[in-house]
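Here's the structure we're looking at; comments come further down.
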Amino acid sequence: MSGTHDHLVYMANQIAANLAMEADAVKATADHIEAFWDPRMVAAVLSDGAGLSPVAAAAFEVLRGAEV
Amino acid sequence: MTYQPQSDLGTPAGTGEPVTLTIDGRAVTVPAGTSVMRAAAEIGTAIPKLCATDNMKAFGSCRLCLVEVEGRRGTPASCTTPAEAGMVVHTQTPQLQKLRKGVMELYISDHPLDCLTCAANGDCELQDQAGAVGLRDVRYAAGDNHLGQAKDLSNPYFDFDPSKCIVCSRCVRACDEVQGTFALTIDGMGFGSKVSAGTAADDFLSSECVSCGACVQACPTATLQERAVVEIGTPERSVVTTCAYCGVGCTFRAEMRGEQLVRMVPWKDGKANRGHSCVKGRFAWGYANHQERILNPMIRASIDQPWREVSWDEAFAHAASEIRRIQAKYGKDSVGGITSSRCTNEETFLVQKLVRAGFQNNNVDTCARVCHSPTGYGLKTTFGTSAGTQDFDSVEQCDVMLVIGANPTDGHPVFASRMKRRLRQGAKLIVVDPRRIDMVRTPHIEAEHHLPLRPGTNVAVLTAMAHVIVTEGLADEAFVRERCDWDEYRHWADFVANPRNAPEALQPVTTVDPAELRAAARLYATGGNAAIYYGLGVTEHSQGSSTVMAIANLAMATGNIGRPGVGVNPLRGQNNVQGACDMGSFPHELSGYRHISDAATRKLFEADWGVALDPEPGLRIPNMLDAACDGSFKALYVQGEDILQSDPNTRHVSAGLAAMECVIVHDLFLNETANYAHIFLPGSTFLEKNGTFTNAERRIQPVRKVMTPINGLEDWEVTQGLANALGLGWNYRHPSEIMDEIARLTPTFAGVSFDRLDELGSIQWPSTAAAPEGTPVMHIDGFVRGKGKFVVTDYIPTDERTGPRFPLLLTTGRILSQYNVGAQTRRTANVVWHEEDLLEIHPVDAEDRGLKTGDWVRLASRSGETTLRATVTDRVAPGVVYTTFHHPATQANVVTTDYSDWATNCPEYKVTAVQVAASNGPSDWQEDYEALSERSRRIEAAE
Amino acid sequence: MTLVRIPDDALAVACGADRVARRFEELGATVERVSSWGMHWLEPLVEIDGIGFGPVGVADVEGVLAGGSDLSVGRIEDHPFIASQTRLTFARAGKTRPLSLQDYAATGGWKGLERARAMTAEAITAEVTASGLRGRGGAGFPAGIKWETVRTANGVRKYIVCNADEGDSGTFADRMLMEGDPFVLIEGMAIAGLAVGAAKGFVYIRSEYPHAVRKMEAAVRLAAPLVAPFEIEVRVGAGAYVCGEETSLLNSLEGKRGEVRAKPPLPAHEGLFGCPTVINNVLTLAAIPYILAEGAQAYADYGMGRSRGTMPVQLAGNIRFGGLYETAFGATLGELIGIGGGSASGRPVKAVQVGGPLGAYFPPSLFDTPFDYEAFTARDGLIGHGGVVVFDDSVDMAAQARFAFEFCAAESCGKCTPCRIGAVRGRETIERVIAGDPDGLALVADLCETMKFGSLCALGAFTPYPVMSAITHFPADFVVEERV
């Protein structure tokens, strides 16, 4: 796993933590990432979700679903 | 425009009910509070004057403006006599003529008669008035005088010649009333009265003078004179334009002689600056003709080669072929561009258009990423608009100012002067800042409350303030019920009211005295019109966006939004940060903040541009660098930004740049980023082009070409050349056509055009059918998004923490005389005030390390280390150190980390855990970089 | 045991009063230090059982105690200099111990304040207006109207400022009052505070009056509980004559350069720290307790024309019997000089300068001018602060005219051009005249017109009075041939 990948996971966890107080934190996190992330960044995390917090991991599952 | 002095009605305008009086038989109606002098000037009667000027209070000292008023004894001064209904005034009678001549005779009896060789010859009020009063003869014998005194030439930009001084005090009053520095005084009394900078031991340079130029502008003689006028001569034409330094957006008159700029004089009709200036805009424009400016395009195959000068066509063709080659090899998403907040709206719009339409992806970002991107996100989320809510004039109706994470006297000096004037009138000030910034205590101003928080705890402090407001019943619930979503408010109010958010509970985190914090919160909530002014101390944190939203929450909860005197006011760092964001520079949105995924918006652009747009967001600057290190991002076009020096974690930036195959730098100078560039496109200065800048108050202002670009092309023409080499077939003949396109495609700019700007001077967006002349104050009848949104902002500490290895917190900022990476200001005489970056360290921390002021120190973090000199001061709290990032030799960003704002990736410049130790020389990085720099800047001799 | 009363006023002290007092004590007498009666030629004036002895030197003390001194002036109250006066403001002069609250109360002190406390603010200002009291600093502006302006001005905070920057040559009434009867000034300021709604007052005293500063500071401390919640603070000037001009004084009080402010705004609207401010001279404020205690009419019954009440005239210069002479307006200049016994040198009186260094010189032909604001104005003069300085026939009026410019040049704040440059050019041009250039006089006359109508404040505007009165009334002194 590259430094870049670590950084992406870190960013995703940071987003999830800051949106934790939202009514639906998972959806809020997924929406945020969808709105602001380049697809290759999303893809990189989808291919390897190690290190994601539970909310972030759930958000990426939402994004994976949306992709299909 | 042929040269003419700016009009001067003598005294400020009155504001009362209209009154009608008669002056020399003509009726004139003016607002009560208007002086007789100004009333006369309104009908074209120029009463002689010397000490009066219309941006300062009347003073009444020169005694030339005497008039007669029927029914009154004596001959009152018209500048200090208010117009009253029914007053009958005579401005020209035999007695008045005699008195004025008598006064002028006294002046001239103590003035050198060297008009023909005087720098102000032809531009001197004393000369004009001597003619106006008809003085033909000085009957006094040679006596005591002030002739032949030594000049003070200490300031690099202006001379002070006391021999020519008429002691009108205009300079002193300008320093007091306009600038608010109180550096000048009249020393002595009677005939011995003289203008003095600081104490008797001082000269202008060593005094408190900040070289704003207000005194020079105010001087009616050649006593205070721009050195350029002394050396070149008086100007013969002038062009009104907008300053290219900070986000205040001062309007200046560029006063010219041929193609030579003689001086920049603040324009009184400028709505942002109202005739004031700072040392940068007023004087620091010498970089425009600096010998280091690159005037020819250059290319090279690799960065260890010297540069080779080429024609524009060759440069464009080479750049286009490189981009197409790389896209063919690595995919269309392997290239991108960076727009500049220093460039015009039109240039910025073209660069993002080049990326979206030409590169066919959305890999475009702007330097706003590293400064105010959280403002865009936070204010869009809460209010619906990514911009400040007020105009600058609003400060004049403000009762309480909350300044957080901003240092206006250094970063936004001209607006700071307006803030200080309001504070001297009695408005109260709250400062939230780890450092004791100048505004905490400055002449005639003292903050009611200074909350010196630990860096990185803004959200905790703001939440604690909200806690006080909610739990003490100080919220404006009527406002909230009417204007905001009540359920979201309740959810937020319950959150902030939680005892864990009490100031006392958060003190261990914030280090702020809870009693002081409570008092500040009460003052903000109950002190009348309360306005929040903030800067990068808010945004450049891992919770930058949360802080912006916490600020918005506070304003909404107290009803401080939607009218003059209140609001949320981001103080933008660069001249066109607002504009660069407005123009669609972010990878996820098109101009006017419309998301790239919105099909209707895309369709509009696709129809206009004749291309298909990618619906997915592209890479942000840090993501581009990450991707470059990973090998998926290979080419970058950077216009007017020096990411190597300005972006955090320099070593990561350099690694990213080094990994690219084609870096195109479009700039005035071979900046630090250019050390890693393969193609260099010379840029033009703001003096050399037409366009618009949008300042911190959403004010779109004209930038007018005052001289021909010495590099041959305006920046928009360079981008167009590149676009056309890529086959885009652009055909803009003038930036006004670009603005027409922007207006056509952007609803909030619908009413903007160059013609309208010429007519109105400036326009604050939104400019729509409903508000054709623009919108000074936003959200008056309702929020742009509908209901104002309260967002819960839980404090989450940054992961950048102090520990045994790195026990201190570094925070960064800037200084008055230098501007950002210093590319411009370092190439001016401004270096006399700041020639190197210094590390501020508290005496206790210095003592622990055996350091004293002037010592070389090693500043190390987890990212890297650098060396610089220390200055020991209690301006910073124990445990906190501070420096600026103006000088490439220091490279403060070698030390900063790549932690960033959770929502926008705005770097966390303001919090880095560091260690400081004595040092005896540059770090390895500095030495290596110096060598690389030297190698990389070589230019092949022309054949 | 014999009770001996000896003034502790600065003038008496300068004449040796302290040494005399110590000698009386050494010889077993009980000494009480009281205020001065204001008969300067008799200081130190010692009083025993109402009988005065003066001037008493240390060597005379034994004789005085033994009853065999020829220094006796008889009953002081019956002395013609005292008996012919109408002492309202200086009613306690010579009679009370300056810092004795007991003496002050026993002599009618605080009665005015008590009455004022029972009145509305509006009624107090009406009372002052009805008394006809005009500003004693020089301008003669009706005090009641000034107070009413401040009373009705908008302002959360208002101030009372007492101008005790007594800088005119030949004047000493403010000093004598502050040293001799400080409580009457405090009472007057407290009444002013009630009248206009001010809670704070300042007394601005020139630094050349250290005794007055100490007395006032002590008196303010002693009286604080009696005038509370009104508070008074004593501030000391720094030696500039122009700080006696009210707006410079306010700047000085604010810690700024003592520079004149243009009016409007009037201090009554925007005075100290921008707040509505009553600024009155010591004698104006000290006249207030009498007016409130005895009623406006009692005060207005004295005087002539629009000059009501009494004026503490100060007789000084080359005069035989110099001192404080409080009398109802209306006495002629000649009568006052007569009371002073003519010149001290015994030579004929040539000129009298009334109203300080900026006042006009009057020749004997104008000695019939009554002491009255309007009568003096009609003769191109001013009564100013009531200083009368006598010159005998040895005076050179050209030198006096030169001095007037020199004084203006030395004391100018430097703000306005006519005063800043004009005073210097005036001195230079008079010097030309003295050196024999007769054309200079026309230029001086033009300059005087420029200064009189063009200056920002009275310093520059009134300097022409001594200059032009000297030229007009004593033309011979400006003709060189006759001088050589």
Side-chain angles (χ1 to χ4, degrees), chain B residues 35 50-52 57-66 68 73-77 79-82 95-96 98-111 138-146 166-169 172 176 182 185-194 424-426 444, chain C residues 156 239-243 247-248 254-265 273-274 406-429 431-432 435 437 439-440 442-444 446-457 459-461:
Chain B
S35 70
L50 279 170
C51 71
K57 283 184 286 190
F59 192 57
S61 77
C62 77
R63 315 313 285 175
L64 274 183
C65 72
L66 307 177
E68 289 176 18
R73 283 188 303 142
T75 49
C79 64
T80 55
T81 303
Q95 196 204 359
L96 292 173
K98 192 173 176 205
L99 287 174
R100 288 181 192 143
K101 225 182 259 196
V103 171
M104 186 54 78
E105 189 177 4
L106 289 171
Y107 272 124
I108 303 303
S109 75
D110 186 25
H111 196 81
V138 174
R139 294 168 291 168
Y140 298 106
D144 278 359
N145 60 64
H146 297 87
I166 59 168
V167 202
C168 62
S169 295
V172 178
D176 295 356
F182 297 82
T185 190
I186 299 288
D187 186 29
M189 59 189 288
F191 196 67
S193 301
K194 62 172 202 275
R424 290 195 304 274
Q425 287 167 358
H444 301 282
Chain C
V156 194
Y241 175 75
V242 76
C243 286
T247 61
S248 312
E254 290 179 13
K256 297 177 182 158
R257 184 169 182 269
E259 181 178 87
V260 177
R261 298 178 187 171
K263 292 186 278 194
F273 301 113
E406 189 179 31
F407 179 81
C408 181
E411 299 297 347
S412 168
C413 77
K415 179 169 176 176
C416 78
T417 317
C419 178
R420 185 180 76 250
I421 306 178
V424 172
R425 294 290 171 260
R427 175 180 55 75
E428 291 166 355
T429 310
E431 284 168 356
R432 259 166 72 183
D437 177 1
D439 296 343
L443 184 52
V444 168
D446 277 1
L447 172 63
C448 281
E449 198 179 339
T450 303
M451 290 180 72
K452 183 173 176 181
F453 293 100
S455 294
L456 181 57
C457 85
L459 178 55

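A note on names: the letters A, B, ... follow the listed sequences, proteins ahead of strands, and every chain is numbered from 1.
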Which value, rounded to the nearest 0.5 Å, describes the distance between B/Y140 atom OH and C/L443 atom CG?
4.5 Å
Strictly distance-based, threshold 3.5 Å: is any side-chain N or O of B/R63 a donor or acceptor partner for the main-chain N or O of C/G454?
yes
Residue, of C/C413, C/G258, C/P265, that accumulates the most heavy atom pairs under 4.5 Å with chain B:
C/C413
Just by distance, no angles: are the side chains of C/R257 and B/T185 close enough, under 3.5 Å, to form a donor-acceptor pair?
no
For the side chain of C/K415 and the backbone of B/F59, is there at least one donor-acceptor N/O pair under 3.5 Å apart?
yes
Provide the closest heavy-atom pair for C/L456 versus B/G60 in the form atom of the first, atom of the second, distance.
CD1-O, 3.6 Å
Can you tell me which of B/V167, B/I166, B/L106 forms the most heavy-atom pairs within a distance under 4.5 Å of chain C?
B/L106
C/E411 versus chain B, the contacting section by heavy-atom distance below 4.5 Å
both
Out of C/A409, C/A410, C/G274, C/S455, which one racks up the most heavy-atom pairs below 4.5 Å with chain B?
C/S455
Donor-acceptor contact present, side-chain C/R425 to main-chain B/D144, <3.5 Å:
yes
Using modelled atom types only, decide if a donor and an acceptor are shared between the side chain of C/T417 and the backbone of B/C62 within a distance under 3.5 Å.
yes
Which region of B/L66, side chain (C-beta onward) or backbone (N, CA, C, O), has a non-hydrogen atom less than 4.5 Å from a non-hydrogen atom of chain C, or is it both or neither?
side chain
Which answer fits C/L447, side chain, backbone, both or neither, if we ask what part of it has an atom under 4.5 Å from a heavy atom of chain B?
both
Which heavy atom of C/I421 sits nearest to which heavy atom of B/S109, and what is that distance?
CG2-OG, 3.8 Å
Working to the nearest 0.5 angstrom, can you tell me the gap between B/T80 OG1 and C/K263 NZ?
11.0 Å
If you measure from CZ on B/R139 to CG on C/D446, what distance do you get to the nearest 0.5 Å?
4.5 Å
When the 4.5 angstrom heavy-atom criterion is applied to B/L50 and chain C, the contacting part is neither
Do any N or O atoms from the side chain of B/T75 and from the backbone of C/F453 form a donor-acceptor pair under 3.5 angstrom?
yes
Starting at CZ of C/R420, measure out to CE of B/M189 and round the result to the nearest 0.5 Å.
13.0 Å
Side chain / backbone / both / neither for C/E428 at chain B, heavy atoms under 4.5 Å
side chain
So what's closer than 4.5 Å to chain B heavy atoms on C/R261: side chain, backbone, both or neither?
neither
